[in-house]
Every structure is written in C-alpha cells, then in structure tokens.
Peer 1: 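Starting off with a structure, shown below.
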Amino acid sequence: MSRAMYPMSDMRVVTGIYYIDNPSYDIVRAVDHAIHVWKHAKKDKYKPYAIYSDDFANERQTRLKIIGSVHSAIENGEIEAFMQPKFSMKTMEVVGAEALSRWRNPDGSYKFPGQFIPLLEDVGYIIDVDFCIFEQVLCVMAKWKESGKKMIPVSVNFSRQHINHDDFVTRIKKLTAKYGVEPKYIEIEITESAFMKKPEKMMKFMRELREEGYKIDIDDFGTGYSSLNMLLDVPVDIVKIDKSFIDDYDTQTKREYINQIGNLIHTARKDIIFEGVETYDQIKFLTECGYENAQGYVFSKPIPMKEFEEKYIYI
Ligand code: C2E
Ligand code: CA
Ligand code: CA
C-alpha cells in the first residue's frame, strides 16, 4: 500500500515474531524477544520477517557475553597480539609483520577475530581492542630497540570506527611517544572499505599520521568498490592486495590483470604486498611478475608474540 502511494520511497515492512506457547508467559518479555529478532531482521535487506528461536536466543547470549566481557579481558591480558611475518620473496627474509588479535580462553585455546571483531565493531568497543593490540606492539618494539635488535616495521589494524573519534591521531602519537618507538616502524592498516564512509575525514587522519612519519597500509585492496582513481588521491604508502586476487590466477586474463594492477599501483607510487599466499606456485607466479613482498601461510601463520620473537628477532 505505502509502496503504491510512494513508488520512489523504497519502503519495506519488517516484522519480528515471537510465538507464545504458554498463555501465562510474561507478555513484556514476549514483546522484548519480538523486538530483538525484528532488529536482527532489519539488518538483512531481503528479510521481511524473522522468528525468535532457541538458536537466535543462544547466539544473542553469546554476543552479549562477548560485548560484556571485552573490557575485563583487556584488563586481564586475555586479548593478545599474534604476529604474522611478511617476507621478501626475493631474499626469503622477514621484512615486517602484522599484529592480529586473539582472545585467550581460560583453557588456553583462542577465539579468532571473526568471533568477536564484527560484534565489537557494531558497538564501538573495537577502538579499545585496537589500542590494546597497538600498545602490546609498541611495548615489544621498545624492548627490541633497547636491546639493540634489528627493527622491522609492524602493522596494526585500525577499524573504520576510529573515524568517529577526533582524538584518534593524538592517541596514536601519545602512545608511540610513551614507548619511544620511531613512527617510521609503524604501519597503520586501514581496510579499503573504510574510505567509503566519510572519506574526507579518514584522509585527513591519514595525512596527519604520514606527516608524523607513520606509514599507512590500505588493507584488503580489491574487495571494496573503490575505483583505481582513488589510489591516486589517498595518502597511502602500501597497498595490500587481498587474498582473493591470487586464489585463482590460472587463466591468462587473470594473470595479465594481476600484472597490470601492480603496474598501476606502482605508477601511483605505492608499495605492494600480497596477502594470503599459500603455495610455492603462487610465489613463483608473483616473482615472475616482478613483485617482492608477501604474507601468508606458505611462510607462516600468525603466531604468539613470544614465538615470533624467538623465530625472527634474534639479530
Ligand atoms: P586481515 O587484516 O585481512 O588479516 C589477514 C587475515 O588472513 C588473518 O586472519 C590471517 O590469519 C589470515 N591469513 C593470513 N595468511 C593467510 C593465508 O595464507 N591463507 C588464509 N586462508 N588466511 C590467511 P585473522 O587473524 O583471523 O583476522 C581476520 C580479520 O580480523 C583481519 O583480516 C582483520 O580485518 C580483523 N582483525 C584481526 N585483528 C584485528 C585487530 O586487532 N583490530 C581490528 N580492527 N581488526 C582486526
Ligand atoms: Ca590487516
Ligand atoms: Ca587483509
């Protein structure tokens, strides 16, 4: 009816349903359940309704538990920075690393980012996780510096949520100064899609950070909808080409495409690193195309900080 009256409005009706099996069930709770499942349904563009179920209730419970316990997890040191080395495919030496978060469970197993990062992005608490990981990285880099170890650049992921916090750059600068680490060893990884929303603000942050000497990596390049034009404008030093680019490169067209993309990025004067490299065949192909840097399981999975230091920070 509303669609007929307002054909250009793209209106849609979404409903949340809770079946009352027991007539004495508290009506306020029933409505509350229906509202929660309705909010969930609204996120899916194609879903006209959703029904409250045990699975939904359990999932919601898990979500609330994660959201409710993240701050104590940070305080208790349960959020750990794992490190994945980055390699030169020419020399087979480590040229850097990426810090990736893991949440340690009481039994010593770990929750992976997929289980908590998206939820924390929704509520904004990701900001605290990002800074927690960043501080662990700074702390360990300060130790390397003090003991005269060879410094390698380390990249840290920062969520698009930081765009909503005007003190983002100041916080980064203050923490770096606290640990006495030179900004040139720090890479700020921002996912490509973060440049979609409020791109001006993101660019302003990036410019300010670069002026201070930090490097900026654009993460997951090729997964968003940005055009290659954007590469010329964004204040970015390193482009991380998403895993999906090299997952299949067996057709001639795809091979040429990967080759040309690299030329374009180099023309825009950015460095390139390939992520998710899993096989020696991929290394061979990428080196034949003239690429140098890569990260992926073929070299190493992300590993605990202590193991990373033992394996790679010895000189
Ligand atoms: P990402 O930044 O694109 O990180 C790369 C992901 O690919 C990591 O997954 C890594 O373990 C995985 N990976 C690396 N090499 C390979 C490979 O050869 N094959 C395959 N199949 N996978 C590979 P992880 O650690 O599960 O992280 C997933 C995503 O979670 C990250 O993707 C990043 O977007 C996010 N994330 C992780 N830690 C943080 C953090 O501290 N802050 C923020 N904001 N996001 C984080
Ligand atoms: Ca990343
Ligand atoms: Ca990535």
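Only a predicted model underlies this, so the values are computations on that prediction, with no experimental measurement involved. Atoms within each ligand, like the ligands themselves, are counted from 1 in listed order. Starting from 1, each residue takes its place in the sequence as its number. Hydrogens, waters and symmetry mates play no part in the numbers below; they use all other heavy atoms, side chains included.
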Peer 1: Could you list which atoms of ligand 1 come closer than 4.0 Å to a heavy atom of E98?
Peer 2: 2 (O), 4 (O)
Peer 1: Would you call the rings of F56 and Y52 parallel, tilted or perpendicular if under 30° counts as parallel and over 60° as perpendicular?
Peer 2: perpendicular
Peer 1: Please tell me whether Y25 and Y18 form a close aromatic pair, meaning their ring centres lie under 6.0 Å apart.
Peer 2: yes
Peer 1: Is G276 close enough to touch ligand 1? Criterion: a residue heavy atom under 4.0 Å from a ligand atom.
Peer 2: yes
Peer 1: Quick one: do E187 and K86 make a salt bridge, cutoff under 4.0 Å?
Peer 2: yes
Peer 1: Are the charged groups of E288 and K284 less than 4.0 angstrom apart, N to O?
Peer 2: yes
Peer 1: What residue and atom, counting heavy atoms only, is the protein's closest point to atom 5 (C) of ligand 1, and at what distance?
Peer 2: E275 OE1, 4.0 Å
Peer 1: Which atoms of ligand 1 sit under 4.0 Å from any heavy atom of P302?
Peer 2: 11 (O)
Peer 1: Just need the protein heavy atom nearest to atom 25 (O) of ligand 1, so name the residue and atom and give the distance.
Peer 2: R102 NH1, 2.9 Å
Peer 1: Are D166 and K204 close enough for a salt bridge, meaning some N to O gap below 4.0 Å?
Peer 2: no
Peer 1: What protein heavy atom sits nearest atom 12 (C) of ligand 1, and how far away is it?
Peer 2: Y297 OH, 4.1 Å
Peer 1: side-chain contact (heavy atoms from CB on, under 4.5 Å), that's the test. Do F82 and M305 meet it? Break it down for me.
Peer 2: CA-CA 5 Å; F82 270 42; M305 183 65 90; over 6 Å; no
Peer 1: Identify the protein heavy atom lying closest to atom 46 (C) of ligand 1, giving its residue, its atom name and the separation to 0.1 Å.
Peer 2: I117 CD1, 3.6 Å
Peer 1: So, are K173 and E208 salt-bridged, with charged N and O less than 4.0 Å apart?
Peer 2: no
Peer 1: Tell me, please: is K243 in heavy-atom contact with ligand 1, that is, under 4.0 Å?
Peer 2: yes
Peer 1: Could you check whether atom 32 (O) of ligand 1 has a protein contact, counting only heavy atoms that fall below 4.0 angstrom?
Peer 2: no
Peer 1: Which residue owns the protein heavy atom closest to atom 6 (C) of ligand 1, what's the atom, and how far is it?
Peer 2: L100 CD2, 4.8 Å
Peer 1: Is it true that E292 and K90 make a salt bridge, defined as a side-chain N closer than 4.0 Å to a carboxylate O?
Peer 2: yes
Peer 1: Are H71 and Y125 an aromatic pair, judged by ring center distance below 6.0 Å?
Peer 2: yes
Peer 1: Among P113, S155, G296, which residue places a heavy atom closest to atom 27 (O) of ligand 1?
Peer 2: P113
Peer 1: Check whether more than 12 heavy atoms from other residues, nucleotides or ligands sit under 6.0 Å from atom CZ of R29, and answer yes or no.
Peer 2: no
Peer 1: Is it the case that more than 12 heavy atoms not belonging to K39 sit under 6.0 Å from its NZ atom?
Peer 2: no
Peer 1: Could you tell me which atoms of ligand 1, counted from 1 in the order shown, lie closer than 4.0 angstrom to a heavy atom of I133?
Peer 2: 41 (O)
Peer 1: Quick test: of every protein heavy atom, which one is nearest to atom 3 (O) of ligand 1, and how far off is it to 0.1 Å?
Peer 2: D220 OD1, 3.2 Å
Peer 1: Once rounded to the nearest 0.5 Å, what's the spacing between atom CE of M206 and atom CD1 of I188?
Peer 2: 7.0 Å
Peer 1: Look at atom 15 (N) of ligand 1 and say which protein heavy atom is nearest, naming residue and atom and giving the distance to 0.1 Å.
Peer 2: Q84 NE2, 3.0 Å
Peer 1: State the atoms of ligand 1, each with its element, that fall below the 4.0 Å cut-off from a heavy-atom position in E278.
Peer 2: 17 (C), 18 (O), 19 (N), 20 (C), 21 (N)
Peer 1: Output the list of atoms in ligand 1 that are nearer than 4.0 Å to some heavy atom of D130, sorted by atom number.
Peer 2: 40 (C), 41 (O), 42 (N), 43 (C), 44 (N)
Peer 1: Take atom 21 (N) of ligand 1 and look for protein heavy atoms under 4.0 Å from it; say yes if you find one, no if not.
Peer 2: yes
Peer 1: So, taking the atom named CD1 in I273 and the one named CD in E98, what distance separates them when rounded to the nearest 0.5 Å?
Peer 2: 8.5 Å
Peer 1: To the nearest 0.5 Å, what is the distance between OG on S69 and CD on E75?
Peer 2: 12.0 Å
Peer 1: For D220 and T191, which I'm curious about, is there any donor-acceptor pair between the side chains at under 3.5 Å?
Peer 2: yes
Peer 1: Select one of side chain, backbone, both or neither to describe which atoms of Q295 lie under 4.0 Å from any atom of ligand 1, heavy atoms only.
Peer 2: neither
Peer 1: Give me the ring orientation class for F131 and H162: parallel if the planes are under 30° apart, tilted from 30 to 60°, perpendicular past 60°.
Peer 2: perpendicular
Peer 1: For ligand 1, which atoms, with element, lie under 4.0 Å from some heavy atom of V277?
Peer 2: 18 (O)
Peer 1: Considering non-hydrogen atoms of the protein only, which is the closest contact for atom 39 (C) of ligand 1, and what is the distance?
Peer 2: S101 OG, 3.4 Å
Peer 1: If waters are left out, how many protein N/O/S atoms lie within less than 3.0 Å of the Ca ion (ligand 2)?
Peer 2: 4
